[in-house]
Structure formats: structure tokens, C-alpha cells
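Below is one structure; the comments refer to it alone.
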Amino acid sequence: MNLKELRQAVYAANMELPRRNLVTYTWGNVSGILREEGLVVIKPSGVEYEDLTPDLLAVVDLEGNTVEGTLNPSSDTRTHLELYRAFPALGGIVHTHSPYAVAWAQAGEDIPAYGTTHADYFYGPVPCARTLTPEEIDEDYERNTGRVIVETFQTRNIDPVHVPGVICFSHGPFTWGKDPAQAVYHAVVLEEVARMALLTRMVNPAAAPAPDHILNKHFMRKHGPNAYYGQKK
């Protein structure tokens, strides 16, 4: 993929967010990366989706320096960059304020793996990263948001490929994938399983996560070495 193709892919992924009802106004952004070139394409800050075009997207290097574009990149850019630097498998990242995922983030709770729908995409609960300290916020809020996400996955020994998303305490979700399109796909799924988990908690406040053998079966039949879900390519 070249830079022009990545621009188009990131544009298409950004435009999918309002179509999937994941964003209100400008509350979201998608980025994608060219690993060999060390370039990241990301939505510009505060631009309405109906005004967005591929040419308006910002291009930055992995230190956040603008390489192409006249508009400021998303205010969340430094969070995206921290995740790209820490997790080499990531090819696209999404941030939204989708309401059900935000509800769990504002409650400060992991999204439990209550059933097979969750397990088809997330190998265990979706973690809620800790709140930032006042010092971390004052130093560099966006970069430290990324660092706290990385810390969460490292300290809990979570594989970011197997759990392609996180919720940040009192903030909201970030998801990712092999490319921008898959990152959006995971954002859609995360919002849906967050909704299902909330409904489960409402029906039975004492509901327990699904047994491990069920969760393992459903994740591995899609993503394991002997996966058999879908058609052979």
C-alpha cells in the first residue's frame, strides 16, 4: 500500500463511523500506518465528517511531526502514535465516544466476557485502563493516555491482537486492527458487546462471565491455529 492508497483507506474508515452510529458531531477519529515509511494518516482535528475528503487528512511521522497537510491532526494523535510504537501488529486505530462503551469506561469497569458473541472477537474481558494522574495529564495527556493503555496490556499480559480494544477510565474506547477497516469493524463489535453486557447486568446484576471452555472454543474456532469459521480463501 502506498500513501495515496492509505489516505483513501483511512478516509473510508472515518466515514464508516457516522454510518455505524459510532460518533456524534466530530467525536471520533481513525488512523492508519505505513510501517516501512514510518508515516501515519489520521483525521484532522475538529473537521466535520460531511466536510472531510482524503486530501484533508493529516500525515505525521512517528514523532508527531506533520509531513503532509495544512490542518492540525487529531488531538488524539499522540495516543495513536504510542500504540503504533508499542504494538507492531497494529495497522489501524479507532477512537470514538460510542455510548455503551463509554458507559463502562465511566463506571471504571472492564467489559466482562459474558458470552460467545464477545468471545468471537475478544479473548477475555475488554480491559478498562486506569485513570491518569494529575501529573500525567499536565505532562502530556494524549501521549500518557497511550502509555497507560500499553501499561494495561503489559501488566495484565494481554495480547493486543487477541483483545483488539480497550476502554479508558472516564473517557472511552480505542480499538485497532490489521488495517483501518478492521479497526472500525472492531469498534462496531466493541460497542455491541458493551451494549449486550450492560443488558446482561440489568437482567441479572450477579451474572458471571461465560465459562472459559466456552470462551476458548468460540475465540479459537475463528482465530486459532485450526480455525474453521467461514470459507477457505
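All heavy atoms count here, side chains included; hydrogens, waters and symmetry mates do not.
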Indicate whether any N or O donor in one side chain lies under 3.5 Å from an N or O acceptor in the other, for N216 and D212.
->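 No - no donor-acceptor pair under 3.5 Å links their side chains.
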State, yes or no, whether a side-chain contact exists between [X] and [Y] at a heavy-atom distance under 4.5 Å.
{"X": "E16", "Y": "V188", "result": "no"}
{"X": "T117", "Y": "V189", "result": "no"}
{"X": "T116", "Y": "I214", "result": "yes"}
{"X": "L81", "Y": "V60", "result": "yes"}
{"X": "H162", "Y": "F219", "result": "yes"}
{"X": "V59", "Y": "L6", "result": "no"}
{"X": "I149", "Y": "T79", "result": "yes"}
{"X": "Y100", "Y": "L190", "result": "no"}

How are the rings of [X] and [Y] set to each other: parallel, tilted or perpendicular (split at 30° and 60°)?
{"X": "Y185", "Y": "Y121", "value": "tilted"}
{"X": "H80", "Y": "Y84", "value": "tilted"}
{"X": "H171", "Y": "H95", "value": "perpendicular"}

Could you pull out all residues at least two apart from F169 that satisfy side chain to side chain contact (heavy atoms under 4.5 Å, CB included)?
-> C128, T131
Does any pair with a residue in residues 74-97 pass salt bridge (charged side-chain N to carboxylate O under 4.0 Å, His left out), and if so which ones, sequence neighbours excluded?
->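 Those involving residues 74-97 are R78-D140, R78-E142, E82-R85, E82-R143, E82-R147.
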Keeping to residues at least two apart or across chains, list the side-chain hydrogen bond (donor to acceptor under 3.5 Å, both in side chains) pairs with something in residues 34-53.
-> none
Among residues two or more places apart or on two chains, list those pairs meeting side-chain hydrogen bond (donor to acceptor under 3.5 Å, both in side chains) that have a residue in residues 1-10.
-> R7-E68
When Ile, Leu, Val, Met, Phe, Trp and Tyr are grouped by side-chain heavy atoms lying under 4.5 Å apart, directly or through other members, which residues fall in the same group as Y228?
->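 None; Y228 is a cluster of one.
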D110 side chain to P112 backbone, donor-acceptor under 3.5 Å =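 It does not hold such a pair.
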Under the 3.5 angstrom rule, does the side chain of H223 hit a backbone N or O of D120 as a donor-acceptor pair?
-> yes
All pairs passing ring-ring contact (aromatic ring centres under 6.0 Å, His included) where residues 129-160 contributes a residue, at least two apart =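 Residue pairs with at least one partner in residues 129-160: F87-F153, F153-W176.
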